[in-house]
Amino acid sequence: MTEKYWLVKCEYDVCSFEELGNRPNGIGYWRGVRNYQARNFIRDGMQKGDSALFYQSNCKEPGIAGLVEIARAGYPDPSQFDADNQYYDPKASKDDPRWFSFDVQWAKAFEPYVSLKDLKNSPKLKEMKVVQRGQRLSIQPVTKREFDIVCEMGGHSVSYRKK
DNA sequence: GCCAACGTTGGC
DNA sequence: GCCAACGTTGGC
């Protein structure tokens with residue numbers, strides 16, 4: 001099994017990276033991804049143990065705050081079955097789930113923070129999806145090369161996580 | 001299966 | 001809050 005690399009987006013208001021790091025178990029859950037391309041990555045591509053860049057959107061300085069590890073790979077998103085949930089999908093059934101979730105485990109924080117601006121300013125990352133115009137996918141595959149470059153930009157990872 | 005209308009994402 | 005870029009929906 002080849003290890004894969006991802007970029008996972010989370011709205012800052014939903015869960016910041018720091019907030020995730022301060023949870024007792026450091027575990028975060030993705031719910032409500034309702035895009036087929038992203039769904040396919042979650043369902044078919046992600047594997048437990050893969051590494052991912054944690055991207056924060058909808059905030060003052062969007063960018064990558066650190067690293068997480070895929071703790072649980074694609075499983076049916078429970079919110080699609082819950083009629084009271086905003087992500088409820090009447091067309092989904094337990095026998096034939098349409099949407100998938102994954103869990104992450106907080107790994108380490110970048111220092112410095114790698115902002116979207118920094119990513120765009122890096123000539124080596126021109127091909128990276130997240131810097132490209134109109135790219136809105138919330139789950140994106142990242143090449144090992146891109147992953148390594150971003151990690152290097154993130155310099156000396158620090159731990160503000162309380163053990 | 002085309003395509004206009006609409007809704008959403010997300011940087012700025 | 002604006003708006004460009006997409007994805008989805010639904011009439012035909």
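Quick note on labels: first sequence line is chain A, next is B, and so on, each numbered from 1. In this text, all values refer to a predicted model and were calculated from it rather than measured experimentally.
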Not counting sequence neighbours, which residues clear side-chain contact (heavy atoms from CB on, under 4.5 Å) with A:Asp118? List them please. A:Val114, A:Ser115, A:Met153
Would a distance-only check, ignoring hydrogens and angles, find a side-chain to backbone donor-acceptor pair under 3.5 Å from A:Gln47 to A:Lys4? no
Terminal contacting nucleotides, 5' and 3', DNA chain C versus chain A (heavy atom, 4.0 Å): C:dA4 to C:dT8
Using a 4.0 Å cut-off on heavy atoms, which residues in residues 116-132 of chain A reach DNA chain B? List them by number, or say none.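 Those residues are A:Leu116, A:Lys120.
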Please enumerate all residues that pass side chain to side chain donor-acceptor pair (under 3.5 Å) together with A:Tyr36, with sequence neighbours excluded.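 Applying side chain to side chain donor-acceptor pair (under 3.5 Å) to A:Tyr36 gives A:Arg98.
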Over 60° means perpendicular and under 30° means parallel, so tell me whether A:Trp30 and A:Phe54 are parallel, tilted or perpendicular.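 If you compare the ring of A:Trp30 with that of A:Phe54, the planes turn out perpendicular.
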Sequence neighbours left out, what pairs pass ring-ring contact (aromatic ring centres under 6.0 Å, His included) with at least one residue falling in residues 66-98 of chain A?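 Checked against ring-ring contact (aromatic ring centres under 6.0 Å, His included) - neighbours excluded - no pair reaches residues 66-98 of chain A.
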Ring pair (Phe, Tyr, Trp, His ring centres under 6.0 Å) filter on A:Tyr55, not counting sequence neighbours, yields none
May I ask you to say whether A:Arg39 pairs ionically with A:Asp44, meaning some side-chain N is under 4.0 Å from a carboxylate O? no
Within a radius of less than 6.0 Å around CD of A:Gln37, do more than 12 heavy atoms belonging to other residues, nucleotides or ligands occur? no
For A:Tyr12, which contact category applies under a 4.0 Å heavy-atom criterion: base, sugar-phosphate, or nothing? nothing
